[in-house]
Student: 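The structure follows.
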Amino acid sequence: MRAILIDDEELALKYLEHHLRRLGDFEIIGKYTDPLQGKLKVEETDVDVVFLDIHIPELNGIELAEMLLERKPHLQVVFVTAYDKYAIKAFELNALDYVLKPIHMDRLRLTVRRLYAHRRNEIAASTTPESTSWRILMLDAFRIYEGTQEYHVPLQWRTAKAQEIFFYLLHHRGKVVSKATLIELLWADFDLNKAYPQLYTAVYHIRRILEPFGRDRILLQNTADGYLLRLDGVYLDVDEFDSFIKAGLELSEDTVSEYERILKLFKSEYLEEYDYVWAELERQRYQLQWIRMKLNLVHWYMESEDFEQAFKHIEQVCTRYPLEEQAQLLYLKICDRMGFHFLVQRQYTLLETVMEAELSEKPNPEIVKWYKGWDKKRQKG
């Protein structure tokens with residue numbers, strides 16, 4: 001990614017260049033303390049992004065950004081400054097991001113992720129007919145979106161086996177799945193002479209179903225031994241969720257909004273509508289990751305004394321996973337801290353009922369001990 005840096009401090013330019021090279025494949029084609037020289041370079045060069053200090057001599061950074069975007073409307077601008085009072089104006093200009101000095105690596109890493117995500121979206125749009133963005137949701141009721149509208153042609157499967165093959169290939173997207181694996185999965189009891197024609201018929205049906213999406217968007221390819229499902233220019237919510245997990249961003253004031261946004265992707269279980277045994281491990285993996293992120297967020301809000309936000313998130317965990325005892329104990333403690341004593345009693349009684357009904361067990365001894373201690377203090381008070 002080709003970048004130009006503009007800041008009136010030479011040291012700040014070197015610092016930013018150093019960290020950008022560490023975080024991504026950036027080609028720094030110019031660093032300028034003189035904003036007018038930087039402006040000329042941007043106008044004369046094929047550049048993807050400008051990192052721009054707002055507080056620069058001779059020409060205000062906001063004004064410079066307006067001039068640059070007027071000439072190059074697709075240019076990405078990232079403001080880097082010690083002053084936050086310009087934030088609203090910066091985003092009115094459609095700046096991609098706004099980073100405060102002193103720059104922290106996690107915050108800059110988030111900016112770089114946004115830059116690359118924006119670039120991927122632009123590439124996808126340019127290679128998709130009519131520049132339409134396509135999305136597939138797998139952490140919600142399975143849906144395909146064309147732009148902002150749900151795809152108008154439903155996937156009408158002739159057989160349950162054809163449907164399962166499609167989802168199995170989608171689950172293993174980008175990887176070759178052997179014919180033998182599919183036979184073992186769906187026709188294990190069949191004679192091979194009968195199983196293979198069944199497989200070929202199902203694959204033919206899948207190809208017909210996928211025809212409206214175009215050859216280069218959702219493509220089912222033959223290989224020597226099996227099949228490969230390729231997605232080009234298609235957004236998947238599970239890919240974005242996994243990408244965020246791999247990035248390992250530390251939870252902080254700068255990144256909490258991104259944590260909130262990513263967690264909202266998880267509207268239900270992975271492929272919840274489809275009770276496939278092979279999807280269960282993936283379903284559990286996403287459950288555990290979502291719970292872990294939620295609990296981290298709850299602890300962070302508690303440390304920040306923002307108990308309303310902590311309560312909101314812990315309530316969501318307990319509602320979705322009532323047997324998650326670590327979350328239940330946190331819920332009780334937060335309700336106590338907020339003075340919601342009736343909720344403490346109600347939640348503990350509900351937990352006892354659910355544990356007995358589902359597992360024929362009592363709550364964890366730690367929870368029982370905490371509740372009894374809480375109840376004893378309450379009665380004394």
Side-chain angles (χ1 to χ4, degrees), residues 84 87-88 98 100 104 106-107 110 139-140 237 240-241 244-245 247-270 272 283-381:
D84 62 358
I88 295 175
Y98 182 91
L100 285 176
H104 298 288
D106 275 338
R107 185 61 184 85
L110 178 58
L139 295 174
D140 195 351
D237 55 357
E240 184 170 14
F241 191 88
F244 183 84
I245 294 294
L249 285 181
E250 183 179 346
L251 185 54
S252 68
E253 191 70 37
D254 289 327
T255 61
V256 65
S257 60
E258 188 71 356
Y259 267 78
E260 295 263 14
R261 186 185 70 80
I262 291 295
L263 284 166
K264 287 178 182 176
L265 296 176
F266 202 101
K267 293 183 174 61
S268 63
E269 307 302 323
Y270 178 75
E272 184 176 50
R283 194 171 291 133
Q284 291 178 13
R285 180 174 75 86
Y286 283 119
Q287 287 175 2
L288 292 173
Q289 287 176 335
W290 184 83
I291 291 171
R292 177 177 59 81
M293 287 179 64
K294 276 284 193 181
L295 294 184
N296 286 346
L297 198 57
V298 169
H299 284 295
W300 188 84
Y301 277 124
M302 290 175 69
E303 290 171 5
S304 304
E305 299 289 319
D306 190 343
F307 288 97
E308 288 188 7
Q309 286 296 320
F311 177 79
K312 180 188 78 173
H313 287 284
I314 201 63
E315 186 178 42
Q316 290 171 358
V317 178
C318 292
T319 299
R320 183 174 286 187
Y321 303 113
L323 297 178
E324 185 60 39
E325 292 184 283
Q326 183 183 357
Q328 292 286 354
L329 182 56
L330 263 177
Y331 182 94
L332 296 176
K333 290 179 177 179
I334 291 170
C335 286
D336 177 45
R337 181 65 182 268
M338 297 180 73
F340 298 157
H341 297 153
F342 72 99
L343 286 182
V344 175
Q345 293 175 302
R346 189 186 73 177
Q347 192 70 12
Y348 183 79
T349 302
L350 179 62
L351 178 60
E352 281 188 317
T353 303
V354 171
M355 293 289 291
E356 180 62 34
E358 297 290 331
L359 304 175
S360 299
E361 294 180 2
K362 294 186 178 300
N364 186 295
E366 183 183 3
I367 298 178
V368 175
K369 181 181 177 181
W370 184 92
Y371 180 77
K372 286 183 176 179
W374 173 85
D375 194 41
K376 187 175 181 180
K377 283 192 293 184
R378 185 180 63 86
Q379 290 180 14
K380 284 183 179 179

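Counting from 1, the numbers follow the sequence of the chain as shown.
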Student: Under a 4.5 Å cut-off applied to non-hydrogen side-chain atoms, are Val317 and Leu330 in contact?
Tutor: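 Side chain of Val317 against side chain of Leu330, heavy atoms only: no contact under 4.5 Å found.
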Student: How about CD on Gln284, more than 12 heavy atoms from neighbouring residues, nucleotides or ligands closer than 6.0 Å, or not?
Tutor: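 Enclosed: over 12 neighbouring heavy atoms sit under 6.0 Å from CD of Gln284.
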Student: May I ask you to test the Asn364-Gln328 pair for a side-chain heavy-atom distance under 4.5 Å?
Tutor: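 No. Closest side-chain heavy atoms not under 4.5 Å.
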Student: I'd like to check Gln316 versus Phe311 (side-chain heavy atoms, cut-off strictly below 4.5 Å). Are they in contact?
Tutor: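 No, too far: nothing below the 4.5 Å cut-off.
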Student: State the CG-CG distance between Leu343 and Leu350, to the nearest 0.5 angstrom.
Tutor: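 Answer for the CG-CG pair, Leu343 versus Leu350, is 11.0 Å.
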Student: Is the shortest side-chain N to carboxylate O distance from Arg337 to Glu305 below 4.0 Å?
Tutor: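 A salt bridge links Arg337 with Glu305.
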Student: Answer yes or no for Arg285 and Trp290: cation-pi contact, defined as NZ/CZ to six-membered ring centre under 6.0 Å and angle to ring axis within 45°.
Tutor: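 No cation-pi geometry.
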Student: Quick one: pull up CG in Leu323 and CD in Glu361 and give me the separation to the nearest 0.5 Å.
Tutor: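 Atom-to-atom, Leu323:CG and Glu361:CD are 9.5 Å apart.
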Student: What are the two closest non-hydrogen atoms of Arg320 and Ser268, and how far apart are they?
Tutor: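 The answer is NH2-N, 4.1 Å.
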Student: Just by modelled atom types, is the Leu249 backbone N or O under 3.5 Å from a matching donor or acceptor in the Asp106 side chain?
Tutor: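 Not confirmed, Asp106 side chain does not pair with Leu249 backbone.
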Student: With no hydrogens and no angle check, is any side-chain donor or acceptor of Ser252 less than 3.5 Å from a backbone partner on Asp254?
Tutor: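 Yes, because the side chain of Ser252 sits within donor-acceptor range (under 3.5 Å) of the backbone of Asp254.
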Student: Any non-hydrogen side-chain atom of Leu288 less than 4.5 Å from a side-chain atom of Arg292?
Tutor: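 The answer is no, as the side chains (C-beta and beyond) never meet within the 4.5 Å cut-off.
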Student: How close do Val354 and Pro322 get, heavy atom to heavy atom, and via which atoms?
Tutor: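 Answer, listing the atom of Val354 first, then Pro322: CG1-CB, 4.3 Å.
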Student: Parallel under 30°, tilted from 30 to 60°, perpendicular over 60°: which one fits the rings of His313 and Tyr301?
Tutor: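 Judged by the thresholds at 30° and 60°, the geometry between His313 and Tyr301 is parallel.
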Student: Look at the side chain of Tyr331 and the backbone N and O of Val344, then say whether any donor-acceptor pair between them is shorter than 3.5 Å.
Tutor: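 Such a contact is absent between Tyr331 side chain and Val344 backbone.
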Student: Looking at Arg261 and Glu240, is any side-chain nitrogen of the basic one under 4.0 Å from a carboxylate oxygen of the acidic one?
Tutor: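 Yes.
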Student: Stepwise, does the side chain to side chain contact (heavy atoms under 4.5 Å, CB included) test hold for Lys372 with Val368?
Tutor: CA-CA 6 Å; Lys372 286 183 176 179; Val368 175; 3.7 Å; yes
Student: For Ile367 versus Leu329, what's the shortest heavy-atom pair and its separation?
Tutor: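 Minimum heavy-atom contact is CG1-CB, 4.0 Å.
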Student: Pair Phe244, Met293 - check side chain to side chain contact (heavy atoms under 4.5 Å, CB included), show working.
Tutor: CA-CA 11 Å; Phe244 183 84; Met293 287 179 64; 3.4 Å; yes
Student: Could you tell me the separation between the CZ atom of Phe307 and the CE atom of Met338, rounded to the nearest 0.5 Å?
Tutor: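 Here the interatomic distance stands at 8.5 Å.
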Student: What are the two closest heavy atoms between Pro363 and Glu352, and how far apart are they?
Tutor: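 The answer is CG-CG, 3.9 Å.
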Student: I'd like to check Glu253 versus Trp300 (side-chain heavy atoms, cut-off strictly below 4.5 Å). Are they in contact?
Tutor: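 Touching, per the 4.5 Å side-chain cut-off.
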Student: Answer yes or no: are there more than 12 heavy-atom neighbours, outside Lys312 itself, under 6.0 Å from its atom NZ?
Tutor: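 Result for NZ/Lys312: enclosed.
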Student: Identify the residue among Met355, Lys362, Glu356 that makes a side chain to side chain contact (heavy atoms under 4.5 Å, CB included) with Leu359.
Tutor: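 Between Leu359 and the candidates, side chain to side chain contact (heavy atoms under 4.5 Å, CB included) is satisfied uniquely by Met355.
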Student: Would one find more than 12 heavy atoms of other residues, nucleotides or ligands at under 6.0 Å from atom CD of Glu260?
Tutor: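 Yes, the 6.0 Å shell around CD holds more than 12 heavy atoms from other groups.
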Student: Does a side-chain heavy-atom distance below 4.5 Å link Leu332 with Trp374?
Tutor: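 The answer is no, as the side chains (C-beta and beyond) never meet within the 4.5 Å cut-off.
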Student: What distance separates His299 NE2 from Leu297 CG, expressed to the nearest 0.5 Å?
Tutor: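 Nearest 0.5 Å value for the NE2-CG distance: 10.5 Å.
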Student: Does some side-chain heavy atom of Leu265 sit less than 4.5 Å from a side-chain heavy atom of Tyr286?
Tutor: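 Side chain of Tyr286 against side chain of Leu265, heavy atoms only: no contact under 4.5 Å found.
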Student: Give, for atom SG of Cys335 and atom CZ of Arg346, the distance between the pair rounded to the nearest 0.5 Å.
Tutor: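 Taking SG in Cys335 and CZ in Arg346, the distance rounds to 8.5 Å.
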Student: Would you say that Phe266 contacts Gln289 through its side chain, given a criterion of any heavy-atom pair below 4.5 Å between the two side chains?
Tutor: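 The answer is no, as the side chains (C-beta and beyond) never meet within the 4.5 Å cut-off.
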Student: Could you go through the side chain to side chain contact (heavy atoms under 4.5 Å, CB included) check for Glu250 and Thr255 one step at a time?
Tutor: CA-CA 7 Å; Glu250 183 179 346; Thr255 61; 5.8 Å; no
Student: Distance from Asp336 atom CG to Tyr371 atom OH, nearest 0.5 Å?
Tutor: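 If we round to the nearest 0.5 Å, Asp336:CG and Tyr371:OH are 11.0 Å apart.
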Student: Do the charged groups of Arg378 and Asp375 touch, with an N to O distance under 4.0 Å?
Tutor: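 Yes, Arg378 and Asp375 are salt-bridged.
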